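These numbers were taken from a predicted model, which means no experiment stands behind them. Letters A, B, ... are given to chains in the order of the sequence lines, protein chains preceding strands, and every chain is numbered from 1.
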Amino acid sequence: MPDRLMRALSAQPDLAAREHRILELWRSRATFARLRQRLRGGRTWSFLDGPITANNPMAVHHAWGRTYKDIFQRFHAMLGQDQRWQNGFDCQGLWVEVNVERELGFTSKRDIEAYGLADFVSLCKQRVLTYAASQTEDSIRLGMWMDWNDPQELLRLRDLLAQDPSQPVTVMGPDGPVTDSVEMMVGRLGTAALGGSYFTFSNENNDLIWGFLAECHRRGWLYKGRDSMPWCGRCGTGISQMEMNEGYQDREDPGLTVRLALRDRPGEWLLVWTTTPWTLPSNVAAAVGPRLSYVKVRQGDDLYWLARETVGQALRGPYEVLEERPGSDLVGWTYDAPYHALPAVREAFDEARVGEDSDDDGATYVHRVVPWDEVGQEEGTGIVHIAPGCGAEDFQLGKSLGLPVIVSLDEAGHFVAGFDWLTGRDAQVVTEAVVDDLSRRGAFYHLEPYRHRYPHCWRCGTPLLFRVVDEWFIDMGPLYDTPRDQLTAAQKDRSLRYQIMDVVDTIEWIPGFGHQRELDWLRSMQDWMISKKRYWGLALPIWECTACGSFDVISGRDELRQRAVAGWDAFEGHTPHRPYVDAVRIACSACGAETERIKDVGNPWLDAGIVPFSTLHYREDPAEWRRWFPADFITESFPGQFRNWFYSMLAMSTVLRREAPFRTILGYATLFAEDGRPMHKSWGNSIEFDEAAERIGVDVMRWMFARARPEDNILFGYAAADEARQDLLILWNVAAFLVTYTRLAGWSPRAGMAAEAAKLPPGASILDRWILSRSAGLAEGARQALADHDARAACAIVAVFVDDLSKWYLRRNRRRFSRNDDPADRAAASETLYTALLTAARVCAPILPFLAEELYQVLVAEIDGSATDSVHLTRWPDGEVAAYRDQALEAAMTTLRRAVELARALRARAGLRLRQPLAHMWLALPGGRSWEGLPAADERALLEVLAEELNIRSVELIEDGSDLVERRVKPLLPLIGKRLGAQVPAVLAAARAGDVQYLPDGGVRLAGVELAASEVEILASPRPGTAVAHDEGVVVVIDLTLTAELRAEGDARELTRAVQDLRKQAELALDARVDLWVDGEPEVVGPLRDHLSALAIDTLADDVHHSAPPEEVATVIVDLDAGAVRVGLRPNGSGVAAAP
RNA sequence: GGGGGAGUAGCUCAAUCGGUUAGAGCGGCUGGCUUAUAUCCAGCUGGUUCCUGGUUCGAGUCCAGGCUCCCCUACCA
């Protein structure tokens, strides 16, 4: 008896509870720390984590990507590769601000200013720390191994920050304690001295972005632009192109048709259409398509001009067409807009000096008709209201024509002074007032609701406005007409966009269409707007000179210190955030005047884009940086990231290094609820991460994610989870089986067995050799799949293996474990199943870290104190088990299992249950009489397996020339198709008809065409009239004749089955002994007598009484082939377990 | 508007380079196996492979046009 037996496993495990125990195990043994230690200094595999926004609790959709991240890190750890294991948090930007505002009940930027920037920024930091701690906890729960901060420590820093940011604090780093002020400590999170996750609000991150921006400026790519930008009135900031598409939503707007009185043409009006009535006061022109055709129509006393094609959609009521002219004829007409008298309009028009074509002799500007090629006729009137102060395209057109710009709104989206009764009102809600006003002025024509896609603020959902504002941009360079591959080096040097494209080409994109999509984005992108008129974020390092108009870009904190002429003291000791950094003044490098930093903060994708540099210590330790750069692998959700994280990383790395920041990118799609809709709390289909983790277990979640196709959306829910759980439970139950029976048998793995080289157990059966070969295939195949970043393929390989293990190996071998008189055979089976399970556990370790660990603990760690104590500290097992591989045997087994299916189908058709033994079966194999490459002994062994599985006494291999089958020719189409072309149908017809001539060289002639032996497969196929089944050349023939003796044996097995059922109903222990009574007519019971001793052995019966059972005994009537018998069962004696 | 992806059984998805009769799982029905199982097996049920053409000896697969959905992108008031 070994010292220790394997721990018993419940048949119905509480997976979530076990996961908690494993987490505790890892914690108490410092397993992860020891893994990192073990890998240190080895060949590197560099994973770069895309920062998760630390603004909300972790959700199940995050778990998808984090599962990939953990799988590949763990896998590469099992290959012995050194890694950084650094998680990242995205910290700065509007999303945090909006939530803090909401918590404080703020509604505008004025509220923030009144509250105080320093305190507001501190609250933003605190919020980040809160959710960083929360997400850290959830990620640990998911089993994600990263260099995590202690969540309690993050919360402690948060609380200290709230108390007093300047107080000193000491934190234990990897190389010892570090002391600093709380504020600076928070700014140093993620550095080498502190370890843990990186935070994009860190000093280093911000500092390196400054360096990047300074480099852009050095090359002349940074500029201030004035443009009409999408603007969120609630947030008080412009929205960059990158953010625009996040917020397109269907929306109902007023479709308002307005009439404009033409000067010099009494009674004639232009009809224009707009969905933004608030822009009408800023109108300066009406645009027509010069090549479109316009008509003048009469409605009552009024004469209207509009495009010919639009009369049906735009006019209301009867009309009469009076005149038709090309749009070019209308150009230059002038009109009186309803709001031409507003002070703001007058002021703008007075300033505008118009050209010689003016009707007013170059004096004051007048509203006029202008040409514009972009005017369309699908909607509206074909005459477009132009307000360069209120729309991007209007602004561009106005710029090219020299039109005045009338800016009507302030930061909050309210009308500025000079708009009379509108001044101070919110542009979003003036529609009704404007319509009423237009009616009074006689300018109203028609109003009806209009549905269209309209951009909304991606953070707060407010519909966007357009404002002409000053923003800061990075110039992405010209877009050439020349095809990319014909560009000169000089052209590329001038255009950052092409430099990035070249970098994109060097990256492996999974799925492949990602490559094209990134290139598409780069081709169409505009200059990168990096400024935001907000408070919490990167302080743009731009000091602008009001005196001379030039600006300086500071490359980092050190340069700022050197150049500061005032305010450094106020900044010293603070992180580079507002308001403190705003205090620093420098001297303008052009004119020497004292300058201030612009108030804008940075686009948050700058924060995430710099991490291939900031987190790898680009500036402090170039050698270390080079060791990890570029990252071997990143993985993120595709939606959005082509223009966000991927783009910003690529742009920044191209500027700084002109090389790719990562080698391979795995993208994945979107997670939806099980009903196919986005998860939404108010729809009741949302599932919280921690709820899911405790209800289904994280291994089940991980399995769902890992086996999904990354480019397809996932529908996540509990029904799908139940399905996924089955796969895991099968593996679990195989292990439970092994443990159950080896415990009964007193078998335990030898010390050191887990580490032994692949060696077949003595007396290994053919099934043992087969499943061990499959284990080797599993390890090799899964390694290949994971090395290719294909978790889905790895899962498929695992699932097939587990299926083979449970449904074939174990099912065929149960008796070797439970009722086996041959200890050597039982040991061989135990050892084999043990090795197969152990291999499976190790292969599953990256995907199912908890289940794998539990199995490993049971199989190895708890048995052998000298063995590695965690599956995650073992190496990938393929090398150890490779010698088991026997592909000829695997192929033969596949054929055999096909034969089993056919035979079972035959039995079912004949109504012969499997318990009924049959006398004989014949089997023909594809392509000949024997299994290719298998020794005769193996062939015999396989036939025995077949006989046992099918309960058939003898199985005989037959040749294709036998009485039962005939030869058939199967032409191999992929080989002959191209050669034969149009002859194919005739050849196939001949093959089907059996019209074949066999040639001496093994080839055949079909329909007059000679095919070589290699071009055809000769199959055995059934001769009509025999009881056969066939498939792909496997032919099974069964003798269905039942003799009295066969019937008796069948009845005996039926009886055995009934007794086992009684045992189960009585809830007897597996090894409990019983007494049996078998009572029935002599002609029924008599033939069974020869089989009763076998029954006794199978059912652990001490005595089998041939009489009526006593009253108190549980009985059941069994309906046998020969007649009914009554069976009684009573537990024997004290029920003390007897050793088998 | 432009670009990309997808459309296969009631549901979720496969189907290698174009190759003979399009397969699994889940669900449903019928039967069977089983003291490892919340297991398993067989059979049945269920298909205009979105539609229309084309290329080909042969199309779920390739091509063209159309329909629907998703994603990306866009300066249509």
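Checking G65(B) for Watson-Crick or G-U wobble geometry (two distances, each under 3.5 Å) identifies C51(B) as its partner. If you check G10(B) for Watson-Crick or wobble pairing at under 3.5 angstrom, you find it paired to C26(B). The partner of C40(B) is G32(B), by the rule that a Watson-Crick or G-U pair needs both atom distances under 3.5 Å.
Between Phe705(A) and Phe716(A), the gap from one ring centroid to the other is short of 6.0 Å. When ring centroids are compared, Trp521(A) and Tyr647(A) come within the 6.0 Å threshold.
Where Phe737(A) and Gln516(A) each meet RNA chain B at their nearest nucleotide, the meeting point lying more 5' is that of Gln516(A). Of the two residues contacting RNA chain B, namely Glu393(A) and Leu988(A), the nearest-nucleotide position lying further toward the 5' end is that of Leu988(A).
Counting non-hydrogen atoms under 4.0 angstrom, Gln396(A) reaches nothing in the nucleic acid. Val375(A) comes within 4.0 angstrom of a nucleotide base, judged by non-hydrogen atoms across all strands. As judged by a 4.0 angstrom heavy-atom cut-off over every strand, Gln726(A) is placed among residues touching the sugar-phosphate backbone only. At the heavy-atom level, Leu810(A) lies under 4.0 Å from base atoms of the strands shown. Using a 4.0 Å heavy-atom cutoff across all strands shown, Arg792(A) reaches sugar-phosphate atoms only and no base atom. Across all strands, Trp372(A) comes closer than 4.0 Å to base atoms (heavy-atom distances). Nucleic acid contact class of Arg709(A) (heavy atoms, under 4.0 Å, all strands): sugar-phosphate only. Residue Ser806(A) is classed as a base contact, given a heavy-atom separation below 4.0 Å to a base. As judged by a 4.0 angstrom heavy-atom cut-off over every strand, Gly380(A) is placed among residues making no nucleic acid contact. At the heavy-atom level, Pro511(A) lies nowhere under 4.0 Å from the strands shown.
When the C1' atom of C76(B) is taken as reference, atom CD1 of Ile386(A) falls 10 Å away, rounded to whole Å. Note: CG (Leu15(A)) to P (A38(B)) measures 14 Å, nearest angstrom. Distance Arg811(A) CZ to U37(B) P: 15 Å, rounded to the nearest Å. In this structure, the CG atom of Leu280(A) is 11 Å from the C1' atom of A77(B), given to the nearest Å. In this structure, Asp803(A) atom CG and U37(B) atom P are separated by 18 Å, rounded to whole Å. Remark: C1' of U73(B) and CD of Gln526(A) are 11 Å apart, rounded to the nearest angstrom. Atom C1' of nucleotide G32(B) and atom CG of Asn951(A) are separated by 13 Å, given to the nearest angstrom. For Asp394(A) and A77(B), the CG to C1' distance is 7 Å, given to the nearest whole Å.
C51(B) sits 11 Å from G60(B) when the P atoms are compared, rounded to a whole Å. Comparing the P positions of A9(B) and U30(B) gives a spacing of 25 Å, expressed to the nearest Å. When the P atom is compared between A14(B) and A24(B), the two are found 16 Å apart, to the nearest whole Å. Annotation: A64(B) and C76(B) have their P atoms spaced 28 Å apart (nearest Å). For U8(B) and C41(B), the C1' atoms lie 27 Å apart once the distance is rounded to whole Å. Straight-line distance between the P atoms of G18(B) and C63(B): roughly 10 Å, to the nearest whole Å. Remark: the separation of the C1' atoms in C11(B) and U16(B) is 27 Å, to the nearest Å. One C1' atom belongs to C67(B), the other to U48(B), and the distance between them is 15 Å to the nearest Å.
Residue Lys807(A) places at least one side-chain N or O closer than 4.0 Å to OP1 or OP2 of C41(B). Residue Arg725(A) has no polar side-chain atom (N or O) positioned under 4.0 Å from OP1 or OP2 of A38(B).
If you take OG1 on Thr310(A) and CG on Leu271(A), they are separated by 8.0 Å, rounding to the nearest 0.5 Å. Here Ile386(A) contributes atom CD1 and Leu397(A) contributes atom CG; the two are 5.0 Å apart, rounded to the nearest 0.5 Å.
Considering Leu973(A), Ile976(A), Leu980(A) as possible partners of Glu1015(A), the one that fulfils the side chain to side chain contact (heavy atoms under 4.5 Å, CB included) test is Ile976(A).
Remark: Arg826(A) is not positioned above the aromatic ring of Phe817(A), lacking an NZ or CZ atom under 6.0 angstrom from the ring centre and at most 45 degrees off the axis.
In this structure, the nucleotide among C72(B), G19(B), A77(B) sitting nearest to the side chain of Val384(A) is A77(B). In the set G25(B), A77(B), U20(B), the nucleotide with an atom closest to the side chain of Glu723(A) is G25(B). Closest contact between the side chain of Leu715(A) and the listed nucleotides U12(B), G19(B), U73(B) involves U12(B).
Taking Arg517(A) as the reference, nothing meets the side-chain hydrogen bond (donor to acceptor under 3.5 Å, both in side chains) condition, with sequence neighbours excluded.
Applying the salt bridge (Lys or Arg N to Asp or Glu O under 4.0 Å) test to pairs two or more places apart or on separate chains, those with a residue in residues 714-723 of chain A are Asp722(A)-Arg725(A).
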